Amino acid sequence: MERRSRLALFSLLYILSVLLAFSLGRYSIDMVTLVKILLSKVFPIVPTWTREEETIVFLLRLPRIALSSLIGGGLALSGLLLQSVFKNPLVSQDVLGSGEASAFGASLALLFGLPYLMVSVLAFLFGILSIVLVTLIARFVKGEGKISLILSGIIISSLSSSLVSFVKLVADTDETLPEITYFLMGSLSSYREGDILFIFVITLVVGIVSILLSWQYNLLALKEEEAISIGVNVRLLRVSAIFSSTLLTSAAVSISGQIGWVGLVIPHFARLIAGRDTRHLVPLSILLGATFLTFVDTLSRTLTSVEIPIGILTSFVGAPVFLYLIVKRGRYYEA
């Protein structure tokens, strides 16, 4: 399948997932009415729907769909970038500890009862701080560069996880502890209007940079000497990919909490569809990630009377799918 045909097909799939997300919920809206409501912002259509239905579409479901799309696409791209850097398809966006560090920042803010804005700010800043610490520690770890980074990431991730556990231990069990626990499960139910603009800017900038550099990311599969010999600054390329991945992960966690498996599973699907060329994988991974998380968020809102944290559902879906992929595809995924 040609690249354009492939993108068109999965763009259609994304649109269908968005329409489904708009339509389903505690207050269902039939598809014809939904399309009329959406088109009414562009064309002069005589209203045949209630004001409540229009409010649900534009004020309740549109922000959730925008967030799920941006966060899903960002996490998928984050995982893909790190898999390219480490030449290993088993790497996810959490390998360098940014996810756990962001979770600690958010937990700390919740422990001290800081405003929601500070929860997001501290989560994002701690995620960025983690990559600085990982880089500094890696300089003192003996061994090849990528191995040093992974080992440093394990250290930061383990330390952050321990600190989160300590925060939960000392938190008030009646109010603060449930709030921290729910946040760490991952959810899109709590957000501010500014969150959408924040994650949109970061995803857009990183996405554009990744597309522009995607042909160079292909060269990371070569030996470092070979890549350098054809004029590629391998170290700068790795740093840009790692920093971009950290930005995406930290931004996502600061808004939605921890959502696992997206950055690990979605790039695998992209490779099954488009092969190993990063020029094709970058836009396809973003599209598939957006589609996947939009669909899962719809399930989280509609499966039961109480909203299920989205992080739980991504694990339920991601774990068996990933097991199937590694069992069925075998050596196809070896670095």
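Owing to the predicted nature of the structure, the values given are computational and were not obtained by experimental measurement.
In this structure Y217 satisfies the ring-ring contact (aromatic ring centres under 6.0 Å, His included) test with no other residue, sequence neighbours excluded.
When the options I131, L133, L125 are evaluated for a side-chain contact (heavy atoms from CB on, under 4.5 Å) with L129, the one that passes is L133.
Of all heavy-atom pairs spanning L75 and A252, the tightest one is CD2-CB, 3.8 Å. Of all heavy-atom pairs between A171 and I180, the closest is CB-CD1, 4.1 Å. In this structure, G186 and I259 approach most closely via the heavy-atom pair CA-CG1, 4.3 Å. Taking every heavy atom of both residues into account, S23 and R61 meet most closely at O-NH1, 3.4 Å. Contact between S160 and F104 at its shortest, heavy atoms only, is O-CB, 4.2 Å. Contact between A76 and S285 at its shortest, heavy atoms only, is CB-O, 3.3 Å.
No more than 12 heavy-atom neighbours from other residues, nucleotides or ligands sit within 6.0 angstrom of CZ on F200. More than 12 heavy atoms of other residues, nucleotides or ligands shown are found within 6.0 angstrom of CZ on R192. The local environment of CZ in F166 is sparse, with at most 12 non-hydrogen atoms from other residues, nucleotides or ligands closer than 6.0 Å.
Defined by atom type and a distance below 3.5 Å, a donor-acceptor pair is missing between the side-chain atoms of R279 and Q216. A donor atom on one side chain and an acceptor atom on the other are found under 3.5 Å apart for S245 and S78. Judged by distance alone, the side chains of T294 and D297 never bring a donor and an acceptor atom under 3.5 Å apart.
At least one side-chain heavy atom of F58 sits less than 4.5 Å from a side-chain heavy atom of L38.
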Kindly indicate, with the supporting measurements, whether the criterion salt bridge (charged side-chain N to carboxylate O under 4.0 Å, His left out) is fulfilled by K41 and E54. CA-CA 11 Å; K41 295 298 182 180; E54 185 170 344; 3.5 Å; yes

Test side-chain hydrogen bond (donor to acceptor under 3.5 Å, both in side chains) on T278 and S214; report intermediate values, then the result. CA-CA 5 Å; T278 315; S214 59; over 6 Å; no

Given ring pair (Phe, Tyr, Trp, His ring centres under 6.0 Å), test Y116 with Y191 step by step and report yes or no. CA-CA 9 Å; Y116 175 78; Y191 59 86; 8.7 Å; no

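To the nearest 0.5 Å, atom NZ of residue K168 and atom CG of residue L111 are 12.5 Å apart. Atom CG of residue L288 and atom CG of residue L13 lie 8.0 Å apart, to the nearest 0.5 angstrom. The OG atom of S315 sits 10.0 Å away from the CD atom of Q258 when rounded to the nearest 0.5 Å. Going from atom OG of S92 over to atom CZ of F86 covers 10.5 Å, rounded to the nearest 0.5 Å.
Side-chain N or O atoms of S107 include none that pairs as donor or acceptor with a backbone N or O of V164 at under 3.5 Å.
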